[in-house]
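To start, the structure under review is shown below, and the notes come after it.
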Amino acid sequence: MSDTIITRFPPSPTGYLHVGGARTALFNWLYARKTGGKFILRIEDTDIQRSTQESVNAIFEGLNWLGIDWDAGPFYQTQRFDVYKTYLNQLVNDKKAYYCTCSPETVEAMREKARAEGRNPMYDGSCRHKNLAPQDGAVVRLCTPDTGSTRIDDIIKGPIAIPNTEIDDFILRRSDGVYTYNFAVVIDDLTMDVTHVIRGDDHVSNTPKQILIYEALGAKVPKFGHVPMVLGPDRTRLSKRHGAMGVMEYQKMGFLPEALLNYLVRLGWSYGDQEFFTIEDMKRLFSLESIGRSPGVFDMEKLTALNAEHIQKSTQERLRPLFLEQMQALCIPHDPQDPRLNAIITLLQPRSKTLVDMAQQAESFFVAPSAYCEVASKKNFKAESLDVLKKIREKLTKTEDTSEAAMEALLHSVCEEMGLKLGKVGGPLRVALTGKGFSPGMGEMLALLGKERTLPRLDAAIAHLEAKG
RNA sequence: GUCCCCAUCGUCUAGCCCGGUCCAGGACACCGGCCUUUCACGCCGGCGACAGGGGUUCGAAUCCCCUUGGGGACGCCA
């Protein structure tokens, strides 16, 4: 009755939320948000053997982390059998579906035969005209047309026609009374008034079957849009062997959800040359028309680059809790109340690819180096370095102003007085303070470390150098 | 095997629908350089693609056909 657009995301709870599923969810969600429509979450748990509550929870967790919210649901298919039953009976009464008692072995033999004859392996419809009475242990199959073809007017791929000879009388309800995916999906989409079915490419062959169910029911067929799949670097369907699949693993690796979403939305969809999108940008600019037709390879490097950009453009309020969370997760000693936190984050923002990266770099601000990197000390702890460090120490003791500018000035005066280039001063100091060969600028480090942390580290380095001789 | 889909730099893509402005643009990666106390950031430059073949046309990345290549589906899984 209304023209509200209704989309849905129907994961099967047989594992975590993976990036492919996340992208499908994202597209459906964005389309609903863009058009002011509704987005439904539905759990397709009709595979009772493999469905688990942990998986359901993992899917919620993933969706929550990504910030993908839904307007209705979650609905569970296993709780909707009474609905399915009504529609199934209608089909049987109308002679559009029938009971079949062929055993799995018999059907397999049919498939084998078809294969041998160079045809698509399928059920041959031998029970179709037997007019079998409803009975336990029998499956219910749909009567599918033997001629003609079924057309999909795909929003993304354009018209697709599948010959009906390729579609067998598939099962709507199993012998144990559980409804199959193809049937449950149609009844759900129908009764939930779904207007747009946006899903992975791997479903194109299911679509004509589903259309046939709508037609047998005399129901209105929704619009379909099949988005190309996400491939691994070897150009096959993304799977476990390609490594990180679960969305939450990306959180552990220090990715921002908005960065993952940005990456995912751009994988297959485009808006001119724009690469960087905030969530708000996506909601405003997304369109089904601009989704490409070819599959895309998941590229960690590009995701990482995008993540760096999102970190760089992010705000203090956004980053601070995530940063703290990451410090915690990595067991890096720190003080969550430290007044320097904002300054540290700001300093690290342009130099961090991930939150993990940022947290690791932040360590130096909280704890003294436990050791000096061999390469770095070999390169920077030279003969004259001992005097340099002593000089810095001496000057630092005498200053009160530890602002970045004052610290820069201090370093420059050391250079001047000792007739050294900045590198000869900054190098040893860097190793003394961080133990590493790289870090932010020494002025910035000194200012953030303050005398109370700098002096002991200087003393330790001086002792280290004196011991070395 | 059968059916369906796809095809622009290594990767993501713009351009394709409505042929000329494209000896094909952007981004990631890579390589140089600048900046610089290190590492990053930033900036500048470079490398790098219309799968192949036929048409149609004055003209094709863009339209048509074939070939090749890739992906997907063929379950009492979803």
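To find a chain, count down the sequence lines: A is the first, B the second, and so on, and within it residues start at 1.
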Sub-4.5 Å side-chain heavy-atom contact between A:D189 and A:R8: yes
message: I'd like to check A:Q326 versus A:F323 (side-chain heavy atoms, cut-off strictly below 4.5 Å). Are they in contact?
response: no
Nearest to the side chain of [X], heavy atoms from C-beta on, is which of [options]?
| X | options | result |
| --- | --- | --- |
| A:A305 | B:C28, B:C12, B:A7 | B:C28 |
| A:E301 | B:C28, B:C3, B:C5 | B:C28 |
| A:S439 | B:U38, B:C6, B:A27 | B:U38 |
| A:Y181 | B:A78, B:A29, B:C12 | B:A78 |
| A:D273 | B:U11, B:G25, B:C12 | B:G25 |
| A:K302 | B:C76, B:U38, B:G26 | B:G26 |
| A:R235 | B:U38, B:G72, B:U11 | B:U11 |
| A:T46 | B:G71, B:C4, B:A78 | B:A78 |
| A:E166 | B:U2, B:A73, B:C76 | B:U2 |
| A:H203 | B:U13, B:A78, B:U37 | B:A78 |

Considering every strand shown, what is the Watson-Crick or G-U wobble mate of [N] when both distances are under 3.5 Å?
| N | value |
| --- | --- |
| B:U56 | none |
| B:G69 | B:C6 |
| B:C50 | none |
| B:G32 | B:C44 |

- prompt: Is any side-chain N of the basic residue among A:K391 and A:E384 closer than 4.0 Å to the acidic one's carboxylate O?
  reply: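 Between A:E384 and A:K391 there is no salt bridge, as every charged N stays at least 4.0 Å from the carboxylate O atoms.
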- prompt: Is A:E417 salt-bridged to A:K395, cutoff N-O under 4.0 Å?
  reply: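 A salt bridge is present here (some side-chain N lies under 4.0 Å from a carboxylate O).
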message: Between B:G72 and B:A14, how far apart are the two C1' atoms, rounded to whole Å?
response: 26 Å
task: With C1' as the reference atom in both, quote the distance from B:A49 to B:C23 in angstrom, rounded to an integer.
output: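 The same atom, C1', in both gives a distance of 13 Å.
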Which atom names give the shortest non-hydrogen contact between [X] and [Y], and what distance separates them?
| X | Y | value |
| --- | --- | --- |
| A:I392 | A:V425 | CD1-CG1, 3.9 Å |
| A:R457 | A:F366 | NH2-C, 4.1 Å |
| A:L389 | A:A461 | CD1-CB, 3.9 Å |

Kindly indicate whether the side chain of [X] and the base of [N] share any N or O donor-acceptor pair separated by less than 3.5 Å?
| X | N | value |
| --- | --- | --- |
| A:S175 | B:C76 | yes |
| A:N206 | B:A78 | yes |
| A:R430 | B:U37 | yes |

Tell me if the centroids of the rings in [X] and [Y] come within less than 6.0 Å of each other.
| X | Y | result |
| --- | --- | --- |
| A:F9 | A:W70 | no |
| A:H464 | A:Y372 | yes |
| A:F170 | A:F183 | no |

Phosphate contact (B:C74 OP1 or OP2) by A:S205 side-chain N/O below 4.0 Å: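 No, A:S205 has no side-chain N/O under 4.0 Å of OP1/OP2 on B:C74.
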Any A:R237 side-chain N or O less than 4.0 Å from OP1/OP2 of B:A73: yes
field: Interatomic distance where CD1 belongs to A:I211 and P belongs to B:C4 [whole Å]
entry: 15 Å
message: How many whole angstroms separate atom CG of A:D234 from atom C1' of B:G70?
response: 12 Å
- request: Using only heavy-atom distances, determine whether the side chains of A:N206 and A:Y181 contain a donor-acceptor pair under 3.5 Å.
  value: no
task: Determine, for nucleotides 41-53 of chain B in 5'-to-3' order, which nucleotides have protein heavy atoms under 4.0 Å from the base (write B), from only the sugar-phosphate (write S), or from neither (write -).
output: S------------
task: Return the residues of residues 100-123 of chain A meeting this criterion: a heavy atom under 4.0 Å from some atom of RNA chain B. Order them by number, or give none.
output: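 Of all residues in residues 100-123 of chain A, the ones placing a heavy atom under 4.0 Å from RNA chain B are A:C102, A:P104, A:R111, A:G118, A:N120, A:P121.
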